[in-house]
Asks: 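Below is one structure. I have some questions about it.
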Amino acid sequence: MSSTTNREQPIFSTRAHVFQIDPITKKNWLPASKHAVTVSYFYDATRNVYRIISVGGTKAIINSTITPNMTFTKTSQKFGQWADSRANTVYGLGFASEQNLSQFAEKFQEVREAARLARERSQDKTDLTNPALNITSQQVLPSPIISANGPGDDKLFRSQSAEMELSTERERVKKMLSEGSVCEVQWEAEFFSLQDNNNKLVAALRESNANVEKWKKQLAAYQEEAETLRQRVAELESQTLKETNEEPGDELALRLKDLETLLKTKEEEILLLKEQRPDLMELESERDKLLQRLQELEERNQEMEKELERSEQSLRDSQSERDRVREEISKAGEDLDVKICQLNELRIGLSKLLESN
């Protein structure tokens with residue numbers, strides 16, 4: 001049996017804002033996540049159940065087992081909800097688009113139908129196997145005659161001990177598989193969170209670079225304009241010196257004063273812009289920090305991917321161990337059947353012996 005059919009695996013994933021009903025008022029919605037998180041349908045092939053799981057950080061904010069009597073209701077174009085009686089709460093999901101809501105609702109109907117069929121098959125199997133189990137239990141139960149004899153009682157005790165050991169081993173394997181599935185979901189959620197952080201840092205870095213270039217261009221334009229005004233003032237001063245004999249002194253002084261006032265005004269505007277613009281050195285330093293942070297996140301992503309590979313390898317090892325345990329269980333079951341047959345033969349022999357006596 002392949003590993004993909006043994007472990008719990010996602011069959012559909014989307015992103016949404018998660019809410020839970022207020023347990024006190026039963027009317028208001030309480031946000032369970034600060035931002036949109038990954039919400040996935042999972043299928044547990046071992047227990048033949050379907051679940052909706054969402055993890056925020058290291059905490060599972062949704063862990064809902066789907067049953068045939070559950071209903072997903074669309075309350076608006078982008079919001080839907082369902083009640084989970086086992087968790088004693090009502091979950092709500094806010095989607096980015098109506099299409100995402102429709103896809104999630106359609107998948108909910110499919111999974112609910114699959115859960116209904118799985119329950120019916122499980123009930124059919126239970127109805128078929130219960131009579132056989134009752135007959136077997138009646139055969140294993142010791143009668144007063146067998147219990148009174150040492151060899152028969154010893155065989156019965158060993159068969160019951162073997163059955164208890166097999167049951168304990170089954171529970172241990174189920175627990176290992178369940179813990180491995182939860183760990184894998186947590187790693188996947190943290191991986192998606194790191195990807196979101198990377199995208200945000202890259203966007204902030206690009207915006208910072210664009211602002212730096214914009215301020216550089218604006219500063220260069222104002223400096224060029226100031227230089228043009230200085231040249232114009234120098235030209236006017238030289239022209240004024242040539243026309244000194246032709247123009248009155250008061251008019252010339254007034255014109256020069258106006259030009260000086262205009263130049264002073266432009267210089268004040270340049271200084272004001274320099275004070276208002278962010279320091280280029282600070283922007284470059286912030287950009288370097290963002291680049292360093294981005295590199296650290298990329299390294300952490302690589303480490304997370306390695307951790308995921310190790311966890312998958314651990315899951316494969318546990319699945320191999322489970323297959324080995326199943327083989328041992330099968331062999332032990334065969335040995336148990338042989339011992340039961342021997343026990344029945346011994347009972348028949350003792351009965352004949354008692355009848356002859």
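No experiment lies behind these values; they were computed from the predicted model shown.
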Asks: Roughly how far, to the nearest 0.5 Å, is the NZ atom of Lys27 from the CG atom of Asp22?
Replies: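 Spacing of CG (Asp22) from NZ (Lys27) equals 11.0 Å.
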Asks: Check the pair Arg206, Val202 against side chain to side chain contact (heavy atoms under 4.5 Å, CB included), reporting the backbone distance first and the verdict last.
Replies: CA-CA 6 Å; Arg206 291 176 180 173; Val202 170; 3.6 Å; yes
Asks: Near Ile24 CD1, under 6.0 Å, is it more than 12 heavy atoms from other residues, nucleotides or ligands?
Replies: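 Not more than 12 within 6.0 Å, no.
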Asks: According to a hydrophobic-cluster definition based on side-chain heavy atoms being under 4.5 Å apart (Ile, Leu, Val, Met, Phe, Trp, Tyr only), do Val37 and Phe12 belong together?
Replies: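 Both belong to a single hydrophobic cluster.
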Asks: Does Glu268, at its CD atom, have more than 12 non-hydrogen atoms belonging to other residues, nucleotides or ligands within less than 6.0 Å?
Replies: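 Atom CD in Glu268 is packed in, count exceeds 12.
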Asks: Under a 3.5 Å threshold, yes or no: a donor from one side chain and an acceptor from the other, between Arg287 and Ser208?
Replies: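 No - no donor-acceptor pair under 3.5 Å links their side chains.
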Asks: Between Ser330 and Arg326, is there a donor-acceptor pair closer than 3.5 Å when you use the side chain of the first and the backbone of the second?
Replies: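 Checked: no pair found.
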Asks: So how far is it from Ile270 CD1 to Leu219 CG, rounded to the nearest 0.5 Å?
Replies: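 It is 8.5 Å, given to the nearest 0.5 Å.
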Asks: Rounded to the nearest 0.5 Å, what separation is found between the OH atom of Tyr41 and the OG atom of Ser13?
Replies: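 If we round to the nearest 0.5 Å, Tyr41:OH and Ser13:OG are 10.5 Å apart.
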Asks: If Ile, Leu, Val, Met, Phe, Trp and Tyr residues are connected whenever their side-chain heavy atoms lie under 4.5 Å apart, and connections chain through other members, are Leu236 and Leu229 in the same group?
Replies: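 In one cluster: no.
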Asks: Determine, stepwise, if the pair Lys257 / Glu260 fulfils salt bridge (charged side-chain N to carboxylate O under 4.0 Å, His left out).
Replies: CA-CA 5 Å; Lys257 186 176 180 181; Glu260 290 175 354; over 6 Å; no
Asks: Answer with yes or no whether the hydrophobic clustering places Ile52 together with Met70; edges join I, L, V, M, F, W, Y residues whose side-chain heavy atoms lie under 4.5 Å apart.
Replies: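 Result: yes, single cluster for both.
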Asks: Check the side chains of Asp317 and Gln313 for a donor-acceptor pair under 3.5 angstrom, ignoring hydrogens and angles.
Replies: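 Looking only at side-chain atoms, Asp317 and Gln313 do form a donor-acceptor pair, the distance falling under 3.5 Å.
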Asks: What donor-acceptor contacts under 3.5 angstrom involve side-chain atoms of residues 86-97, with partners at least two apart or in another chain?
Replies:
{"residue": "Ser97", "atom": "OG", "partner": "Asn100", "partner atom": "N", "Å": "3.3"}
{"residue": "Ser97", "atom": "OG", "partner": "Asn100", "partner atom": "ND2", "Å": "3.3"}

Asks: Are the side chain of Thr38 and the backbone of Arg15 linked by a donor-acceptor contact shorter than 3.5 Å?
Replies: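 The answer is no, because no donor-acceptor pair under 3.5 Å joins these two groups.
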Asks: Atom CD in Gln77, atom CG in Leu101: separation rounded to 0.5 Å?
Replies: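 Gln77 CD to Leu101 CG: 9.5 Å, rounded to 0.5 Å.
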Asks: Go through the steps for Leu308 and Met304 under the test side chain to side chain contact (heavy atoms under 4.5 Å, CB included), then give the verdict.
Replies: CA-CA 6 Å; Leu308 280 173; Met304 294 296 296; 5.6 Å; no
Asks: Hey, could you give me the CZ/CG distance between Arg310 and Leu315, rounded to the nearest 0.5 Å?
Replies: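 With rounding to 0.5 Å, CZ (Arg310) is 13.5 Å from CG (Leu315).
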Asks: CZ of Arg347 to CG of Leu343: how many Å apart, nearest 0.5 Å?
Replies: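 If I round to the nearest 0.5 Å, the distance is 6.5 Å.
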Asks: Does Glu267 form a salt bridge (charged side-chain N to carboxylate O under 4.0 Å, His left out) with Arg230? I'd like the steps, not just the answer.
Replies: CA-CA 10 Å; Glu267 289 177 347; Arg230 288 193 183 93; 3.7 Å; yes
Asks: Take Asp288 and Gln292, measure what side chain to side chain contact (heavy atoms under 4.5 Å, CB included) needs, and give me the verdict at the end.
Replies: CA-CA 6 Å; Asp288 293 337; Gln292 184 178 1; over 6 Å; no
Asks: Any side-chain heavy atom of Arg119 sitting closer than 4.5 Å to one from Thr67?
Replies: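 Heavy-atom side-chain distance check passes, below 4.5 Å.
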Asks: Would Leu297 end up clustered with Leu291 when hydrophobic side chains under 4.5 Å apart are linked, directly or stepwise?
Replies: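 Hydrophobic grouping puts Leu297 with Leu291.
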Asks: Membership question, hydrophobic clusters at under 4.5 Å side-chain separation (ILVMFWY): are Leu262 and Leu256 in the same one?
Replies: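 Looking at the clustering, Leu262 is in a separate group from Leu256.
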Asks: Kindly determine whether Gln103 and Thr14 satisfy side chain to side chain contact (heavy atoms under 4.5 Å, CB included), including the steps that lead there.
Replies: CA-CA 9 Å; Gln103 291 176 351; Thr14 186; 5.8 Å; no
Asks: Contact between Ser351 and Leu354 at the side-chain level, heavy atoms closer than 4.5 Å - yes or no?
Replies: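 No, their side chains stay 4.5 Å or more apart.
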Asks: Does the salt bridge (charged side-chain N to carboxylate O under 4.0 Å, His left out) test come out yes or no for Arg255 and Asp258, once each step is laid out?
Replies: CA-CA 5 Å; Arg255 187 175 180 182; Asp258 291 338; over 6 Å; no
Asks: Side-chain contact, heavy-atom cut-off 4.5 Å: Ile53 with Ser40?
Replies: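 SC-SC contact between Ile53 and Ser40 ruled out.
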Asks: Any chance you could lay out the salt bridge (charged side-chain N to carboxylate O under 4.0 Å, His left out) test for Arg116 and Glu120, step after step, and finish with the verdict?
Replies: CA-CA 6 Å; Arg116 183 184 66 80; Glu120 291 179 355; 2.6 Å; yes
Asks: Applying ring pair (Phe, Tyr, Trp, His ring centres under 6.0 Å), which residue pairs with at least one partner in residues 46-76 are found, sequence neighbours left out?
Replies: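 Residue pairs passing ring pair (Phe, Tyr, Trp, His ring centres under 6.0 Å), neighbours aside: Tyr43-Tyr50, Phe72-Phe104, Phe72-Phe108.
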Asks: Just by distance, do the side chain of Glu225 and the backbone of Lys266 share a donor-acceptor pair under 3.5 Å?
Replies: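 Not a single qualifying donor-acceptor pair exists.
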Asks: Check whether any side-chain heavy atom of Asp44 sits under 4.5 Å from a side-chain heavy atom of Arg51, and report yes or no.
Replies: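 Answer no - side chains too far apart.
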Asks: Are Leu201 and Leu205 close enough that some pair of their side-chain heavy atoms sits under 4.5 Å apart?
Replies: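 Of all side-chain heavy-atom pairs linking Leu205 with Leu201, none is under 4.5 Å.
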Asks: Is there a donor in the side chain of Arg112 and an acceptor in the side chain of Gln109, or the other way round, less than 3.5 Å apart?
Replies: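 Yes, because at least one side-chain N or O of Arg112 sits under 3.5 Å from a partner of the opposite role on Gln109.
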Asks: Any non-hydrogen side-chain atom of Val212 less than 4.5 Å from a side-chain atom of Lys216?
Replies: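 The answer is yes, as the side chains (C-beta and beyond) meet within the 4.5 Å cut-off.
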Asks: Does the distance from a Lys or Arg side-chain N to an Asp or Glu carboxylate O, for Lys352 and Glu355, drop under 4.0 Å?
Replies: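 Salt bridge absent between Lys352 and Glu355.
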Asks: Looking at side-chain heavy atoms only, is the closest gap between Ser102 and Lys74 below 4.5 Å?
Replies: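 SC-SC contact between Ser102 and Lys74 confirmed.
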Asks: Could you tell me whether the side chain of Ser33 and the main chain of Val18 form a donor-acceptor pair under 3.5 Å?
Replies: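 Answer holds: yes.
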Asks: Flag yes if more than 12 heavy atoms outside Phe79 fall under 6.0 Å of its CZ atom; otherwise flag no.
Replies: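 More than 12 heavy atoms, drawn from other residues, nucleotides or ligands, come within 6.0 Å of this atom.
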